[in-house]
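Ligands are counted one by one from 1 in listed order, and the atoms in each one are counted from 1 as well. Numbers here are sequence positions counted from 1. In what follows, every heavy atom counts, from backbone to side chain, and hydrogens, waters and symmetry copies are set aside.
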Amino acid sequence: MSETRETAVVQVLRAASGDADAIAQVKVDTWRTTYRSMVPDRYLERMSYAAHAEDWSRIAGDPATFVYVAEDGVGQAVGFVAGGPRWNGPERYAAELYALYIRAEHQGRGVGTRLMETLVTAFERTGYSSMLLWALIENHRARAFYEKLAGVAIAAQGFEIDGVRIGEIAYGWEQTGTLLDRLCNRDRAAGTG
Ligand SMILES: CC(C)(COP(=O)(O)OP(=O)(O)OC[C@H]1O[C@@H](n2cnc3c(N)ncnc32)[C@H](O)[C@@H]1OP(=O)(O)O)[C@@H](O)C(=O)NCCC(=O)NCCS
C-alpha cells in the first residue's frame, strides 16, 4: 500500500489592512492550540481578536511588510505569514519572518511550506538575501520544521509573560536562495510544485 499525504488546496493572497480580522483570528486560535503548555493559560485566555486585529491592520498596511494569507476553497483563512526588514536579531541578517501560523486542523499539509516559499520569494525580489526568525524554545514542532529547512540556531533571548520566563531561539539562513530551493523541492516532492 503506498502512503500519500494529502496536500491542502489553498489560495495564497497578499493581505491588506482589511484582512486584519481574519489574521487576528488565525493568530489567537493558533496560539491557544500551540502554546497551551508554554505560555500561561491566563494570558492565552486574555488574548482578544480585537486587540490583535488592530496590530495586524497596522502591520499589513505597512508597505515594507509582506503579509500573505492562505485561504481554503470557501475563502476562509487557514494560515498566514508575515515578514519584512529585520526587527530583532544579528545585523548580518537582512530580513525577518515575523509570524507563521497555520490553524491546527490544516497543519502538516504543505500550507506552512507554501506560505514560507511565498514570503522568501518576496524577500528575494526585494533584494533581501538573508533572513532570520524567532521560535519559542519549547516549540519543538516548529523548530523541527525550520531545522529540516537547514535553519541554523544563531541567538537566544527570553521574555516574561505574567511572571513566567519564556525562552526564544533564532534561526538564520545566510542565503535565502538556498532556502527557497529547499522549500520548492519539498513542495515538488509533495506534488504541489
Ligand atoms: C510550524 C508550522 C508553521 C509548519 O507549517 P505546516 O503547514 O504544518 O507544515 P508543512 O505541512 O508545510 O510541512 C510539515 C511537513 O509536511 C510535509 N509537507 C510539505 N509539503 C507538503 C504537502 N504539500 N503535502 C503534505 N505534506 C507536506 C513537509 O515535508 C513537512 O514534513 P516534515 O515534518 O517531515 O519535515 C505549523 O505547523 C504551525 O503553524 N504550527 C503552529 C504555530 C507555530 O508553531 N508557528 C511557528 C511559530 S515560530
With heavy atoms of G108 as the reference, note each atom of ligand 1 found under 4.0 Å away. 6 (P), 7 (O), 8 (O), 11 (O), 25 (C), 26 (N)

Would you check the N or O atoms of H106, main chain and side chain alike, for any that come under 3.5 Å of an N or O of ligand 1? no

Candidates G79, A99, G110; heavy atom nearest atom 10 (P) of ligand 1 found on G110

Under 4.0 Å, heavy atoms only, figure out whether ligand 1 is touched by the backbone of N139, its side chain, both or neither. side chain

Min N/O separation G112 to ligand 1 under 3.5 Å: yes

Please report whether ligand 1 has a polar contact with T34, defined as an N or O pair separated by less than 3.5 Å (distance criterion only). no

For ligand 1, which atoms sit closer than 4.0 Å to a heavy atom of W134? 48 (S)

Tell me the contacting part of K148 for ligand 1: side chain, backbone, both, or neither, using a 4.0 Å heavy-atom threshold, strictly below. side chain

Here the atoms of ligand 1 under 4.0 Å from any heavy atom belonging to Y35 are 47 (C)

Heavy-atom contacts with T113 under 4.0 Å: which atoms of ligand 1 show up? List them by number with element. 10 (P), 12 (O), 13 (O), 19 (C)

How about Y35 and I166: do any of their side-chain heavy atoms sit closer than 4.5 Å? no

Is the closest N or O pair between Y101 and ligand 1 shorter than 3.5 Å? no

When the side chains of residues 141-156 are checked against the rest of the protein, which donor-acceptor pairs come out under 3.5 Å, sequence neighbours left out?
residue : atom : partner : partner atom : Å
R141    : NH1  : Q107    : OE1          : 3.0
R143    : NE   : Y171    : OH           : 2.9
R143    : NH1  : I137    : O            : 2.9
E147    : OE2  : Y171    : OH           : 2.4

Atoms in ligand 1 with a heavy atom of R109 nearer than 4.0 Å: 11 (O), 22 (C), 23 (N), 24 (N), 25 (C)

Quick one, M131 and E124 - any side-chain contact, counting heavy atoms below 4.5 Å? no

Any atoms of ligand 1 less than 4.0 Å from a non-hydrogen atom of F145? List them with their elements. 4 (C), 9 (O), 10 (P), 12 (O), 13 (O)

Close side-chain approach of R36 to W31, heavy-atom, < 4.5 Å: no

Can you get from L119 to I59 by hopping between Ile, Leu, Val, Met, Phe, Trp and Tyr side chains that sit under 4.5 Å apart? no

I want to check something: taking the side chain as every heavy atom from C-beta on, are T7 and R109 in contact at a cut-off of under 4.5 Å? no

Is there a side-chain contact between E174 and R92 (heavy atoms, below 4.5 Å)? yes

Distance-only polar pair, side chains of D29 and Y49, donor-acceptor under 3.5 Å: yes

What atoms of ligand 1 come closer than 4.0 angstrom to any heavy atom of T30? 41 (C), 42 (C)

Is there side-chain contact between V81 and M116, with at least one heavy-atom pair below 4.5 Å? no

Less than 4.0 Å is my threshold; does some heavy atom of Y146 fall inside it relative to ligand 1? yes

Would you kindly say whether Q11 and E71 are connected by a side-chain donor-acceptor distance under 3.5 Å? no

